[in-house]
Q: 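Have a look at this one.
Index from 1, following the sequence. These values consider heavy atoms only, across backbone and side chains, with no hydrogens, waters or symmetry-generated copies.
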Amino acid sequence: MNRFFLAIFLLFFIPNIIGQEEEKTKYLDSIQSDLKRSLDSLLKNTSKELNIIVLKQKLKEINPKKGKEPEQIGWKSKLEFSLLFNQSAFNFDWQGGGTSNVSGNSKIKYRFNYKKKSFLWENKLKADYGLSFLKDEDFPRKTDDRIEFNTRIGQRIGKGNWNYSFFANFLSQFDKGYRFGIDPETEETTRTEETHFFSPAFIQSGPGLLWKKSDDININIAPVTSRMIFVDKEFTNIEGYVDGDYFGVDAGQSTRFEFGGSVAANIKFTLVENFTIENILNLYSNYIEDPANVDIDYTLNLNLKINRYVSSSFIFQSIYDDNATGAFQVRQVLGIGLNYKF
């Protein structure tokens, strides 16, 4: 019986509902058609200039401009951490050549900045460290080792992008650095220590002018810069050591003072969504000795964000410092890994 009444309901009421929907659709189409005719008539009877003004105003109401972000007042900090992995494996029968290896790189970047009106104080700490383990090798090899701290004070000049500035920079490494070789008698891998923490260490500081468009685009020019180089005496007390062979430090000494000018530039931009390119360039000229031999430190960072926690990055760094070596030092790191920001 219930099924009978349900069938009667479906038979008589569903067509009625469908009919109502059709009438509603026709009614809306009629209103849309009348509105279009009214709008066409109104546009024809008004000047073109007035139509453009009204249209622009309406577009602003529909899609208003985003308000400016509130200006930073006080301290603001940001911490970024990433861990990259690389792995290659070859079996015994692989004929193309290659050595199985596993490597990992970790990076920490911490920024803490203070800003109030026309005064700013920027601080940035960067720490990178990486190791590579090769099959049949007795020693791991470093792929990255760098600790750097930058601090910069700026006072804006007028209402533009220029600031009076004073900067200080510290650069060194965490772990020992070795030169690897092969023992001709045993044919085993040998290593000789060349560097370690605070040997070398560089400290630069000086006043200058800062052009700052944003945190990602800025250039600091410091024509009056002092630089101190610190090393361990064990590297300059070796018999037969020639003055200046170890980062420019004389025999039996542990420090070297230089006076010159420096330029630091940073340009970071988003090429496409989730893909950023960062260029970091540091130049230094020693006025006291060979001012034409400019020290160059250039780093290119490519970062592809896959999701919130996974990213892929490529790092290219080139350094020229004739006190360390007479050629360009080049480093490349490519990997995929984990990253976290807070």
Q: Please evaluate residues Ser103 and Ser132 with respect to the criterion side chain to side chain donor-acceptor pair (under 3.5 Å), reporting the C-alpha separation (whole Å), side-chain torsions for both, the decisive distance (0.1 Å), and the verdict.
A: CA-CA 4 Å; Ser103 64; Ser132 177; 4.8 Å; no

Q: Taking Asp321 for the side chain and Asn323 for the main chain, is one N or O donor matched with an acceptor at less than 3.5 Å?
A: yes

Q: Quick one: are Gln173 and Thr195 in side-chain contact, heavy atoms under 4.5 Å?
A: yes

Q: State which residue, out of Leu120, Asn220, Asn266, fulfils the side chain to side chain contact (heavy atoms under 4.5 Å, CB included) condition with Lys212.
A: Leu120

Q: Centroid-to-centroid, Tyr110 to Phe112, below 6.0 Å?
A: yes

Q: Using a strict threshold of under 4.0 Å (side-chain N to carboxylate O), is an ion pair present between Glu193 and Arg191?
A: no

Q: Under 4.5 Å between side-chain heavy atoms, hopping through other hydrophobics if needed: is there a path connecting Leu334 to Phe316?
A: yes

Q: What do the steps show when you test Arg227 against Asp295 for salt bridge (charged side-chain N to carboxylate O under 4.0 Å, His left out), and what is the final call?
A: CA-CA 12 Å; Arg227 179 159 85 158; Asp295 294 344; 2.6 Å; yes

Q: Set out, in order, the CA-CA distance, both residues' side-chain angles and the distance that settles side chain to side chain donor-acceptor pair (under 3.5 Å) for Asp138 and Thr189, then state yes or no.
A: CA-CA 7 Å; Asp138 296 327; Thr189 302; 5.4 Å; no

Q: What I want to find out is whether Lys135 reaches Glu137 closely enough, with some N-O distance under 4.0 Å, to be called a salt bridge.
A: no

Q: Test Asp144 against Tyr129 for side chain to side chain contact (heavy atoms under 4.5 Å, CB included), laying out the working first.
A: CA-CA 5 Å; Asp144 203 356; Tyr129 189 75; 5.9 Å; no

Q: Considering only heavy atoms from C-beta outward, does the side chain of Leu300 approach that of Ile315 to under 4.5 Å?
A: no

Q: Are Tyr298 and Asn279 close enough, and set up right, to give a side chain to side chain donor-acceptor pair (under 3.5 Å), and what steps lead you there?
A: CA-CA 7 Å; Tyr298 170 73; Asn279 297 273; 2.6 Å; yes

Q: Let's go through Phe170 and Phe149 carefully: what are the C-alpha distance in whole Å and the side-chain angles of both, what is the deciding distance for ring-ring contact (aromatic ring centres under 6.0 Å, His included) to 0.1 Å, and is it a yes or a no?
A: CA-CA 5 Å; Phe170 169 79; Phe149 177 71; 8.3 Å; no

Q: Between NZ of Lys78 and NZ of Lys109, what distance do you get to the nearest 0.5 Å?
A: 8.0 Å

Q: What pair of heavy atoms forms the shortest contact from Asp128 to Ile108, and how long is it?
A: OD1-N, 4.3 Å

Q: Check step by step if side chain to side chain donor-acceptor pair (under 3.5 Å) holds for Thr143 and Asn105.
A: CA-CA 8 Å; Thr143 55; Asn105 290 73; 3.2 Å; yes

Q: With side chain to side chain contact (heavy atoms under 4.5 Å, CB included) as the criterion, how do Ile296 and Leu283 come out once you've worked through the C-alpha distance, each side chain's angles and the decisive distance to 0.1 Å?
A: CA-CA 5 Å; Ile296 303 172; Leu283 305 175; 3.9 Å; yes

Q: Does Phe198 offer a backbone N or O that forms a donor-acceptor pair with the side chain of Ser172 under 3.5 Å?
A: yes

Q: Check Arg308 against Asn339 and note the closest heavy-atom contact, atom names and distance.
A: O-ND2, 3.5 Å

Q: Name the orientation class of the two ring planes belonging to Phe139 and Phe180 (parallel below 30°, tilted from 30 to 60°, perpendicular beyond 60°).
A: tilted

Q: Between Arg256 and Phe247, is NZ or CZ placed under 6.0 angstrom from the six-membered ring centre and within 45° of the ring axis?
A: no

Q: If you measure from OG on Ser226 to CD on Gln204, what distance do you get to the nearest 0.5 Å?
A: 8.0 Å

Q: Would you please test Glu148 and Arg146 for salt bridge (charged side-chain N to carboxylate O under 4.0 Å, His left out) and show each step?
A: CA-CA 6 Å; Glu148 182 176 0; Arg146 184 182 182 95; 3.1 Å; yes

Q: So do the side chains of Phe202 and Phe230 get within less than 4.5 Å of each other, counting heavy atoms only?
A: no

Q: Between Ser77 and Arg111, is any pair of side-chain heavy atoms under 4.5 Å apart?
A: no

Q: Any ion pair linking Asp175 and Lys142 (charged N to carboxylate O, less than 4.0 Å)?
A: no

Q: Are Ile217 and Leu209 connected in a single hydrophobic cluster, I mean Ile/Leu/Val/Met/Phe/Trp/Tyr linked by side-chain heavy atoms less than 4.5 Å apart?
A: yes

Q: Is any side-chain heavy atom of Leu84 less than 4.5 Å from a side-chain heavy atom of Ser313?
A: yes

Q: To the closest 0.5 Å, what do you measure between CG (Asn150) and CD (Glu122)?
A: 10.0 Å

Q: Mind running side chain to side chain contact (heavy atoms under 4.5 Å, CB included) on Asn301 and Phe314 for me, showing each step along the way?
A: CA-CA 6 Å; Asn301 292 317; Phe314 171 75; over 6 Å; no

Q: Do you reckon Ile277 sits in the same ILVMFWY cluster as Leu281, going by side-chain contacts under 4.5 Å, direct or chained?
A: yes

Q: Show the nearest heavy-atom pair for residues Asp243 and Ala251, with the distance to one decimal.
A: OD1-N, 2.8 Å

Q: Any heavy-atom pair between the side chains of Ser311 and Ile306 that's under 4.5 Å?
A: no

Q: Do you know which two heavy atoms are closest between Lys233 and Ser254, and how far apart they sit?
A: CG-CB, 3.7 Å

Q: Quick check on the hydrophobic clustering: are Ile221 and Phe259 connected, directly or via other members, by side-chain heavy-atom contacts under 4.5 Å?
A: no

Q: Are Phe166 and Trp121 in one and the same hydrophobic cluster, where Ile, Leu, Val, Met, Phe, Trp and Tyr link if side-chain heavy atoms are under 4.5 Å apart?
A: no

Q: Could you check whether any side-chain N or O of Asp145 sits under 3.5 Å from a backbone N or O of Phe174, counting only pairs where one atom can act as donor and the other as acceptor?
A: yes

Q: Can you find a heavy atom in the side chain of Phe81 that is under 4.5 Å from one in the side chain of Leu79?
A: no

Q: Please check if any side-chain donor atom of Thr190 sits under 3.5 Å from a side-chain acceptor atom of Asp183, or the reverse.
A: no

Q: So, taking the atom named CG in Leu302 and the one named OG in Ser312, what distance separates them when rounded to the nearest 0.5 Å?
A: 9.5 Å

Q: State whether the side chain of Ser165 and the backbone N or O of Pro207 hold a donor-acceptor pair below 3.5 Å, judged by distance alone.
A: no

Q: Is there a donor-acceptor pair closer than 3.5 Å between any side-chain N or O of Thr270 and the backbone N or O of Val272?
A: no

Q: Any chance the rings of Tyr246 and Phe235 have centres within less than 6.0 Å?
A: yes

Q: Please round to the nearest 0.5 Å and tell me the distance separating atom OG of Ser118 and atom CG of Asn163.
A: 8.5 Å

Q: Taking C-beta and beyond as the side chain, do Asn113 and Lys124 meet within less than 4.5 Å on heavy atoms?
A: no

Q: Show your reasoning for whether side chain to side chain contact (heavy atoms under 4.5 Å, CB included) applies to Thr236 and Asp250.
A: CA-CA 7 Å; Thr236 61; Asp250 292 338; over 6 Å; no

Q: Quick one: closest heavy-atom pair of Pro223 and Gly208, and the distance?
A: CD-CA, 4.3 Å

Q: Can you name the nearest heavy-atom pair linking Phe167 to Ala222, along with the distance?
A: CE2-CB, 3.6 Å

Q: Could you walk me through whether His196 and Tyr178 pass the ring-ring contact (aromatic ring centres under 6.0 Å, His included) check?
A: CA-CA 9 Å; His196 55 237; Tyr178 299 93; over 10 Å; no

